[in-house]
> 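Structure incoming, see below.
Letters A, B, ... mirror the listed sequences (proteins, then strands); counts begin at 1.
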Amino acid sequence: MIDLQPVKGTRDFFPDEMRLRNWLFEVWRKVSEQAGFEEYDTCVLEHEELYIRKAGDEISKQLYSFEDKAGRRLSLRPEMTPSLARLVLQHTKSLSFPIKWFSMPQCFRYERMTKGRRREHFQWNADIIGQPEMVAEAEILMLLISACESMGLTAKDIRVFINDRRILNAILSQLNVAQELHSAVLVIMDKRDKISAEALGKMLEEVGMSSSQVEQLNEYLSKSDLQELKDSLQDTEGIDELQHLLQLMDTAGYRDYLQFDISIVRGLSYYTGAVFEVNSPEKQHRAICGGGRYDSLLSTYGGETVPAVGFGFGDVVILDVLKELEHFPELPRTLDYTIIPFDSEQVGAALKIAVELRSKGATVDCNFSMKKMKKSLQQANESGAKFAILLFPEEMSQDKVVIRDMQLREQKPINITDLISSVEQVS
RNA sequence: GCGGGCGUAGCUCAGCUGGUAGAGCUCCGGAUUGUGAUUCCGGUGGUCGAGGGUUCAAACCCCUUCGCUCGCCCCA
């Protein structure tokens, strides 16, 4: 017997789970399109070099890579943004910016699994490319919040924790932290709410900050009030921009979802402006969604500098959250009709009726198992059929069938032609 | 890389200080040979993850190994 388990870290989607996945995809697609985003896709296979960046050691360890028969180094995509960058760079000259695109790619990372993280997941991505102003962030945030609301979540359930990399840079510059230490310091600051203050300070000193710099940094980081922080900084660009964004979101009616959080850092060289993560207000989960502005990414692939902002929103964590909050949708299988021939004599008639009903746009299944009527009706019930069409020799001899309303448990004979014409054309 | 938990029927699991296996659901059949919610009866189905050890006797104790899972580390 071969191993029946799915590959470690990957999932099978039985029909029940597939309905749930499709439901989630429909929410993503609908809110995206309603907000004017266009869908795109690329192949799950990419050239490995797309993911090999300067600090690329870690990510290349997590790549599913292999060599094809012609010796090309290929990878399963670990994220969508590089592929998006590739598409945009192909047509930088002809695209009419700003563009608003979304995608729902399956992504792969070879990594150790924990709750909310598998080796494969579907990740809704939405990006606005070519718009440098903060209104792009506003649109992006509104989009992901509206997706959460479509799933039944409110400002009580989720929060967008937001920061701006320019604020962090302004603080570090003001403390005279050397430019080359900034990225290392930012990585450590990312851990701020995971480890103790002592451990944090120790790590910061280890990368080269002085103890007085650490002390002052802590003072800045303890300020949860934007205005207070602004008053203590010389370079206020990041704060001004963030305040502008918060104002825009207030106008849109989404201010309750947003919370300034100086500990949100995300990644390394990627982000240049706003950075954000979505989580429960108490941050009980792995981030549901994360993103920000990455104005310099495209130029790192050798293209022009193109401003960009976007997010990734994975299916695994959001489904965990919805389950926990009991916001899981009820998604039973449904059918309009199940046709049940009494014996093999009616099989041909069953097929013919099925074809005609389907041509009207109805969903129609046939039960050709020729089991007892009891069993067939049971199966019709389980399949969610609204009506069972029973084909008995007696009625068929008069060109009639028995139509049974499964919910009312009532039935009557009906002319086949009347049955067909009673169905409203859907298409 | 470190640490914990779990592997028993198709599924979810019970099985006490060791005495060679059980329930619910599913499936199949019957009460009802043309009728489905909550009826009732019966039946199929297990190399107790694998291998070794201790014992008169192991699902249970010990060792090894594989698989799954959760947390930490790492990372987004």
Side-chain angles (χ1 to χ4, degrees), chain A residues 1-12 14 16 51 53 55-63 77-82 107-119 121 123 125 161 186-188 190-191 194-195 199 203 264-271 275-279 284-292 294 310-314 316-317 320 332 335 338 340-343 345-346 367 369-396 400-413:
Chain A
M1 186 68 133
I2 59 162
D3 188 355
L4 301 179
Q5 293 306 116
V7 172
K8 186 179 175 74
T10 70
R11 300 164 290 173
D12 293 322
F14 281 77
D16 284 348
Y51 307 111
R53 306 197 194 103
D57 288 347
E58 200 57 46
I59 196 151
S60 55
K61 273 183 204 154
Q62 293 189 343
L63 283 176
R77 62 182 166 217
E79 55 173 341
M80 197 56 169
T81 311
C107 300
F108 296 83
R109 287 190 192 193
Y110 191 88
E111 62 187 347
R112 210 162 287 282
M113 291 159 52
T114 58
K115 189 170 171 59
R117 175 177 289 187
R118 333 221 68 213
R119 287 181 175 174
H121 69 149
Q123 191 190 57
N125 277 248
F161 296 94
L186 291 182
V187 174
I188 295 166
D190 197 24
K191 304 183 201 309
K194 294 175 193 163
I195 62 178
M203 289 173 77
I264 300 296
V265 179
R266 297 191 60 76
L268 273 190
S269 47
Y270 226 61
Y271 293 107
V275 283
F276 56 85
E277 286 180 3
V278 179
N279 208 322
Q284 307 160 298
H285 306 96
R286 193 169 289 283
I288 294 167
C289 165
Y294 51 99
F311 64 79
F313 188 122
V316 178
V317 179
D320 281 349
L335 277 171
T338 290
I340 306 172
F342 179 69
D343 62 39
E345 293 299 307
Q346 286 83 40
N367 189 331
S369 58
M370 305 305 173
K371 289 177 179 154
K372 293 195 164 63
M373 193 49 64
K374 170 184 168 129
K375 185 66 192 170
S376 295
L377 281 169
Q378 220 172 68
Q379 290 178 337
N381 193 45
E382 284 158 13
S383 70
K386 294 187 192 74
F387 297 98
I389 307 291
L390 312 178
L391 274 47
F392 296 116
E394 194 182 321
E395 283 83 359
M396 286 298 289
K400 286 184 177 179
V401 297
V402 174
I403 180 166
R404 180 173 180 81
D405 185 314
M406 296 300 287
Q407 201 144 31
L408 299 176
R409 306 169 73 80
E410 288 169 0
Q411 66 187 42
K412 61 181 180 190

> Using whole Å, report how far CE of A/Met373 lies from C1' of B/U32.
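Roughly 14 Å, once rounded to whole Å.
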
> Determine, step by step, whether A/Arg109 and A/His121 satisfy the side-chain contact (heavy atoms from CB on, under 4.5 Å) criterion, reporting the C-alpha distance in whole Å, the side-chain angles of both residues, the deciding distance to 0.1 Å, and the verdict.
CA-CA 9 Å; A/Arg109 287 190 192 193; A/His121 69 149; 5.7 Å; no

> What is the separation between atom CD1 on A/Ile264 and atom C1' on B/A76, rounded to the nearest whole Å?
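Distance, rounded to whole Å: 12 Å.
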
> When you check the phosphate oxygens OP1 and OP2 of B/A76, does a side-chain N or O of A/Arg118 lie under 4.0 Å from one of them?
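A/Arg118 to B/A76 OP1/OP2: no side-chain N or O under 4.0 Å.
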
> Out of curiosity, A/Glu345 CD to A/Met396 CE, how far, rounded to the nearest 0.5 Å?
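One finds 10.5 Å between CD of A/Glu345 and CE of A/Met396.
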
> To the nearest angstrom, how far is A/Glu382 atom CD from B/A37 atom P?
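In whole Å, B/A37 P and A/Glu382 CD are 10 Å from each other.
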
> Please answer whether the main-chain N or O of A/His285 pairs with a side-chain N or O of A/Asn279 as donor and acceptor at a distance below 3.5 Å.
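Here the side-chain-to-backbone pair exists.
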
> Find the distance between CZ (A/Phe313) and CG (A/Asn125) and round it off to the nearest 0.5 Å.
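One finds 11.5 Å between CZ of A/Phe313 and CG of A/Asn125.
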
> When you compare B/C63 with B/G24, how far apart are their P atoms, in angstrom units rounded to a whole number?
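Taking atom P in both B/C63 and B/G24, they lie 36 Å apart.
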
> Is there a Watson-Crick or G-U wobble partner for B/U17 with both distances under 3.5 Å, and if so, which one is it?
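For B/U17, the partner nucleotide comes out as none, under the 3.5 Å rule.
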
> Heavy atoms from C-beta onward define the side chain here; which of B/C75, B/G34, B/G30 lies closest to that of A/Gln62?
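Of the candidates, B/C75 comes closest.
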
> Would the base of B/U35 count as contacting A/Gln378 through its side chain, where contact means a donor and an acceptor less than 3.5 Å apart?
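Looking at the base of B/U35, it does not pair with any donor or acceptor on the side chain of A/Gln378 (distance under 3.5 Å).
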
> Given atom CG of A/Asp320 and atom C1' of B/U69, what is their separation to the nearest angstrom?
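For the pair A/Asp320 CG and B/U69 C1', the rounded distance is 14 Å.
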
> Using a heavy-atom cut-off of 4.0 Å across all strands, would you classify A/Ile340 as base, sugar-phosphate, or nothing?
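Here A/Ile340 touches no strand at all.
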
> Under 3.5 Å for both donor-acceptor distances, Watson-Crick or wobble: does B/C28 have a partner, and if so which one?
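The answer is B/G42, by the H-bond criterion.
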
> Would you classify A/Met113 as touching base, sugar-phosphate or nothing, given that sugar-phosphate means primed atoms plus P, OP1 and OP2, and contacts are heavy atoms under 4.0 Å?
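Touches sugar-phosphate only.
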
> Quick one: pull up CD in A/Gln5 and OG1 in A/Thr10 and give me the separation to the nearest 0.5 Å.
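That separation rounds to 9.5 Å.
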
> What is the separation between atom CG on A/Leu377 and atom P on B/U32, rounded to the nearest whole Å?
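Computing the A/Leu377:CG to B/U32:P distance gives 18 Å.
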
> Could you check which nucleotide pairs with B/G67 in any of the strands shown, counting Watson-Crick or G-U wobble with both distances under 3.5 Å?
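Check on B/G67: paired to B/C6, both distances under 3.5 Å.
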
> For A/Gln62 and A/Tyr51, run side-chain contact (heavy atoms from CB on, under 4.5 Å): C-alpha distance rounded to whole Å, both residues' side-chain angles, the deciding distance at 0.1 Å, then the answer.
CA-CA 10 Å; A/Gln62 293 189 343; A/Tyr51 307 111; over 6 Å; no

> Taking it one step at a time, do A/Lys375 and A/Ser369 satisfy side-chain contact (heavy atoms from CB on, under 4.5 Å)?
CA-CA 10 Å; A/Lys375 185 66 192 170; A/Ser369 58; over 6 Å; no

> Does B/G29 have OP1 or OP2 sitting under 4.0 Å from an N or O in the side chain of A/Lys371?
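For A/Lys371, the contact criterion (side-chain N or O under 4.0 Å from OP1 or OP2 of B/G29) is not met.
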
> Between P on B/A76 and CG on A/Asn125, what's the gap in Å once rounded to a whole number?
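In whole Å, B/A76 P and A/Asn125 CG are 16 Å from each other.
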
> Heavy-atom count around A/Tyr110 OH within 6.0 Å, excluding the residue itself: above 12?
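No - once you tally the heavy atoms of other residues, nucleotides and ligands closer than 6.0 Å, there are 12 at most.
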
> Can you tell me how far C1' in B/G53 sits from the matching atom in B/A58, rounded to whole Å?
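Looking at atom C1' only, B/G53 and B/A58 are 11 Å apart.
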
> Would you measure the distance from the P atom in B/C16 across to the matching atom in B/C60 and give it in whole Å?
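Pairwise P distance, B/C16 against B/C60, rounds to 11 Å.
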
> Between B/C73 and B/U55, how many Å separate the two C1' atoms, rounded to a whole number?
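Straight-line distance between the two C1' atoms is 43 Å.
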
> Got a list of protein N/O to nucleotides 39-50 of chain B N/O distances below 3.5 Å?
none

> Heavy atoms under 4.0 Å, any strand shown: does A/Glu410 hit a base, just sugar-phosphate, or nothing?
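It contacts nothing in the nucleic acid.
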
> Does atom CD (A/Gln284) have a neighbourhood of more than 12 heavy atoms from anything else shown, all under 6.0 Å?
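More than 12 within 6.0 Å, yes.
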
> Under the 5.5 Å and 30° test, is A/Phe342 stacked on the base of B/G34?
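Stacking is absent between B/G34 and A/Phe342, given that the ring centres and planes do not meet under 5.5 Å and under 30°.
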
> Could you work out the separation of B/C11 and B/G71 based on their P atoms and round it to a whole Å?
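So the two P atoms sit 24 Å from each other.
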
> As a quick check of understanding, evaluate side-chain contact (heavy atoms from CB on, under 4.5 Å) for A/Asp320 and A/Arg286, giving each step before the final call.
CA-CA 10 Å; A/Asp320 281 349; A/Arg286 193 169 289 283; over 6 Å; no

> Using the P atom as the reference point in each nucleotide, state the distance between B/C48 and B/U20 in Å, no decimals.
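Approximately 14 Å lies between the P atom of B/C48 and that of B/U20.
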
> Rounded to whole Å, please give me the gap between CD in A/Glu277 and C1' in B/A76.
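So the CD-C1' distance, A/Glu277 to B/A76, works out to 8 Å.
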
> Atom pairs under 3.5 Å, N or O on each side, protein against nucleotides 10-13 of chain B: can you list them with distances?
none

> If you check every side-chain atom of A/Arg409, which of B/U35, B/G71, B/A37 has the closest atom?
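Comparing B/U35, B/G71, B/A37 against the side chain of A/Arg409, the answer is B/A37.
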
> Do A/Arg109 and B/A76 share a donor-acceptor pair, side chain to base, under 3.5 Å?
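There is none.
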
> Establish, with yes or no, whether the OP1 or OP2 oxygen of B/G29 is under 4.0 angstrom from a side-chain nitrogen or oxygen of A/Lys375.
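Checking B/G29 against A/Lys375, no side-chain N or O comes under 4.0 Å of OP1 or OP2.
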
> Of the listed nucleotides (B/U35, B/A76, B/C72), which one gets closest to any side-chain atom of A/Ala287?
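Looking only at side-chain atoms, A/Ala287 lies closest to B/A76.
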
> Just the rounded figure in Å: distance from C1' of B/G7 to NZ of A/Lys8.
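Rounded to whole Å, this separation is 14 Å.
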
> CZ of A/Arg404 to CG of A/Asn381: how many Å apart, nearest 0.5 Å?
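Nearest 0.5 Å value for the CZ-CG distance: 10.0 Å.
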
> Considering the options A/Arg117, A/Lys8, A/Arg119, A/Arg118, which one meets the salt bridge (Lys or Arg N to Asp or Glu O under 4.0 Å) requirement together with A/Glu111?
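Of all the options given, the one that passes is A/Arg117.
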
> Given B/U69, B/C70, B/G36, identify the nucleotide with an atom nearest to the side chain of A/Lys115.
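Closest of the options to the side chain of A/Lys115: B/C70.
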
> Classify A/Asp405 by what it touches in the nucleic acid, base, sugar-phosphate, or nothing, heavy-atom distance under 4.0 Å.
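Since a base atom lies under 4.0 Å of A/Asp405, the category is base.
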
> When all nucleic acid strands are considered with a 4.0 Å heavy-atom cut-off, which category describes A/Gln5: base, sugar-phosphate, or nothing?
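Answer is nothing: A/Gln5 stays at 4.0 Å or more from every strand.
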
> Give none if B/C72 has no partner; otherwise give the nucleotide forming a Watson-Crick or G-U wobble pair with it, both distances under 3.5 Å.
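Here B/C72 is engaged in a pair, and the nucleotide opposite it is B/G1.
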
> With rounding to the closest Å, how many angstrom separate the P atoms on B/A59 and B/A50?
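To the nearest whole Å, 11 Å.
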
> Using the C1' atoms only, state how far B/G51 lies from B/G45, rounded to an integer number of Å.
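Comparing C1' positions in B/G45 and B/G51 gives a spacing of 26 Å.
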
> Mind checking A/Gln379 for me? I need base, sugar-phosphate or nothing, with any heavy atom below 4.0 Å counting as a touch.
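A/Gln379: no heavy atom of the nucleic acid under 4.0 Å.
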
> If you only use heavy atoms from C-beta on, which nucleotide in B/C75, B/U69, B/G71 is closest to the side chain of A/Arg117?
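My answer, after comparing the listed nucleotides, is B/C75.
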
